[in-house]
Engineer: 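Input: one structure, supplied below.
Fair warning: this is a prediction, and the values are worked out from it, not measured in the lab. In each ligand, atom 1 is the first atom listed, and ligand 1 is the first ligand listed.
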Amino acid sequence: MADRSDAIVFFGATGDLAYKKIFPSLQSMVKHDELNVPVIGVAKAGWNLDQLKDRAKASLTEYGGGVDPAAFEKLGSLLRYVDGDYRDPTTFERIKTELGSAKHPLYYLAIPPSLFAEVAKGLHSSSCTKGARIVVEKPFGRDLASSRELDNTLHEFFPESSIFRIDHYLGKEPVQNILYSRFSNMLFEPIWNRNYIGSVQITMAEKFGVQGRGKLYEEVGAIRDVVQNHMLQLVALLAMEAPAGQSGEALRDERGKLLRLVRALTPADVVRGQFKGYRDEEGVAKNSTVETFAAVRLWIDSWRWSGVPFYIRVGKSLPVTCTEVLVSLKQPPQKIFNEPVGKQPNYVRFRLSGEVVVAIGIRSKKPGEGMIGDDVELVAQHYPHTELEPYERLLMEAARGESAYFGRQDGVEEAWRIVDPVLGDVTPVYEYDPGTWGPAEASTLIPNDAGWHTPCSDAVVKK
Ligand code: BG6
């Protein structure tokens, strides 16, 4: 078993990610008795420790379900603060002093990727990299070339086994449940292939727009923001082969292998959209062609999936906030009963937000004389309050050196290879009205008789 990290250092301590995700995760880890090591925040804000504690309190009030007095007291006793510039060697000397005798510090880079190299170099020059782990946030580059560059930089100072690339979708309870459901039941495997499955759809709908992140969003757009990472990781979990055991490397091997088999996208596989009003957001160019919506058709060139389209639809300012997967089976080969065939083929549905749902759609006979049926669903439902938040789960796993739910360089590069040909303005961007399902052009990707699935149409979902 790997050694547990004996200190956590998070860079960007006064930033947005720390505020929204890291402090809530730290308090929660204390509550679960998973945090007993020094936690050193680093930033250049001219602050002191008390100011950082105030920031932590505000973060917990807004995003952490409130300040838990006992847990916060403990967190406060573990918290340290180093204020300094990442280009200044003395910043790293002070970090080293705070680390004391720690042998396996975990460095969390909650900072823009343009600063990764500086920080990695600073840690190396002050002899702080030996035995350490480093956690980096997406985006891992802007395309295949820059992602390789970023990796080369990190690899100068850290071996691949010490690099933990966060894709928070992999830390989500319902996402891990896809893997669990597929490989702990016999029900799915016999039908999980091109002989029975007609198509797979994933919709990641967000009712909100860019929430003041216009400037940042201009740098990415929907394909870089969520398709290259969250959506392709879902495709990997849905389509991969059974791993050789549950070790981190076995899981990463299979996810990577699956992504290697996904054909690179061509312009004909992509429809991009932009919601009306996006260009009026602060930080957005008046003539921006950045997409806030993307519909994508993927093909997996494998024995199992040949000829089965995987459709992905993501977007901001859509009618609901909901992520859902629909695995549709083919229709039966012959029509035995004299009734209009149910429009809906059999399916398996995984809801990944709002309530956690796994459902199986079948035809069932209506009581009475005729052989007439209804579309019915068998639903297994879990509730979100049992969920371990993804960031808490991933931080705990990184601190234990467990890599299963983090990206590995090969998988990340394959994901860039897939989207690279359609990044930027290779395809037109169509306008759509906020609160609709994106531009009408998206329907051209999917045959008429199938059509896009409306996720969460039956649910109480997050507003
Ligand atoms: C982030 C994207 O990675 O995921 C955001 O940058 C998106 O644009 C978010 O809103 C969605 O995450 P979740 O967990 O709310 O589905």
Side-chain angles (χ1 to χ4, degrees), residues 12 15-22 24-25 28 62-64 108-113 135-142 147 165-178 202-235 237 272-275 278 281 283-284 290-294 312-325 350-357 384-385 387-395 405-407 412 415-416 419 434 438 455-456 459 461-463:
D16 213 38
L17 185 69
Y19 190 72
K20 289 186 178 154
K21 302 289 184 192
I22 299 180
S25 300
S28 203
E62 203 174 341
Y63 291 101
Y108 191 139
L109 307 194
I111 50 176
V135 177
V136 290
E137 267 292 330
K138 78 170 216 343
F140 315 114
R142 288 185 50 71
S147 132
R165 298 174 187 78
I166 284 202
D167 179 322
H168 79 279
Y169 263 56
L170 288 176
K172 282 180 183 256
E173 183 67 37
V175 172
Q176 297 196 352
N177 189 40
I178 293 180
I202 309 172
T203 298
M204 177 186 177
E206 295 182 314
K207 200 177 162 114
F208 47 86
V210 291
Q211 299 181 305
R213 295 195 309 149
K215 187 161 180 282
L216 195 81
Y217 203 80
E218 279 284 274
E219 297 295 316
V220 279
I223 297 178
R224 285 192 174 95
D225 189 34
V226 297
V227 175
Q228 185 272 344
N229 37 76
H230 305 330
M231 295 301 105
L232 287 179
Q233 289 297 342
L234 287 180
V235 169
L237 291 175
R272 295 189 311 133
Q274 186 187 79
F275 68 80
Y278 172 70
E281 296 272 343
V284 172
V290 167
E291 77 280 357
T292 59
F293 170 99
I312 295 172
R313 186 170 57 155
V314 302
K316 306 266 185 205
S317 286
L318 299 191
V320 291
T321 296
C322 179
T323 300
E324 201 161 86
V325 173
F350 296 96
R351 179 170 306 149
L352 309 179
S353 60
E355 311 110 298
V356 178
V357 174
H385 59 255
E387 240 187 80
L388 194 56
E389 286 296 329
Y391 273 88
E392 181 189 356
R393 184 194 303 261
L394 293 174
L395 201 49
Y405 299 104
F406 291 86
V412 171
W416 280 119
V419 301
C456 291
V461 292
K462 283 195 281 185
K463 292 287 179 288

Engineer: Under a 3.5 Å cutoff, is there a donor and acceptor pairing between the side chains of Tyr19 and Glu62?
Structural biologist: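 Result is yes, a qualifying pair exists.
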Engineer: Please identify which atoms of ligand 1 are closer than 4.0 Å to at least one heavy atom of Lys316.
Structural biologist: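 Close to Lys316: 5 (C), 7 (C), 8 (O), 10 (O).
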Engineer: Please could you name the atoms of ligand 1 that Arg213 approaches to less than 4.0 Å, counting only its heavy atoms?
Structural biologist: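 So the atoms of ligand 1 that pass are 5 (C), 6 (O), 8 (O).
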Engineer: Relative to the heavy atoms of Lys172, which atoms of ligand 1 are at a distance of less than 4.0 Å?
Structural biologist: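 Under 4.0 Å from Lys172, ligand 1 has these atoms: 13 (P), 14 (O), 16 (O).
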Engineer: What heavy-atom pair brings Tyr278 and Val210 nearest, and what distance separates the two atoms?
Structural biologist: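 That would be CE1-CG1, 3.9 Å.
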Engineer: Only heavy atoms of His230, strictly under 4.0 Å: list the atoms of ligand 1 that pass.
Structural biologist: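 So the answer, numbered in order with elements, is 1 (C), 3 (O), 4 (O).
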Engineer: Looking at side-chain heavy atoms only, is the closest gap between Met204 and Glu324 below 4.5 Å?
Structural biologist: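 Not in contact.
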Engineer: For Lys138, counting its heavy atoms only, list the atoms of ligand 1 lying under 4.0 Å from any of them.
Structural biologist: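 Result: 1 (C), 2 (C), 3 (O), 6 (O).
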Engineer: Under a 4.0 Å N-O cut-off, is there an ion pair linking Glu281 with Lys215?
Structural biologist: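 No, no charged N to carboxylate O under 4.0 Å.
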Engineer: Which atoms of ligand 1 have any heavy atom of Met204 under 4.0 Å away?
Structural biologist: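 So the atoms of ligand 1 that pass are 11 (C).
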Engineer: Only one of Ile312, Asn229, Val175 clears side chain to side chain contact (heavy atoms under 4.5 Å, CB included) with Leu234; which?
Structural biologist: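 One option only clears the test, and that one is Val175.
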Engineer: I'd like to know whether ligand 1 has Tyr217 as a neighbour, heavy-atom separation below 4.0 Å.
Structural biologist: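 Judged by the 4.0 Å heavy-atom criterion, Tyr217 does not count as contacting ligand 1.
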Engineer: Hey, are Gln274 and Thr292 close enough side-chain-wise for a donor-acceptor pair under 3.5 Å?
Structural biologist: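 No pair is found: no donor N or O on one side chain lies under 3.5 Å from an acceptor on the other.
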Engineer: Does Asp225 reach ligand 1 with a nitrogen or oxygen that is under 3.5 Å from one of the ligand's nitrogen or oxygen atoms?
Structural biologist: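 Looking only at distances, the answer is yes, because the N/O contact criterion of under 3.5 Å is met.
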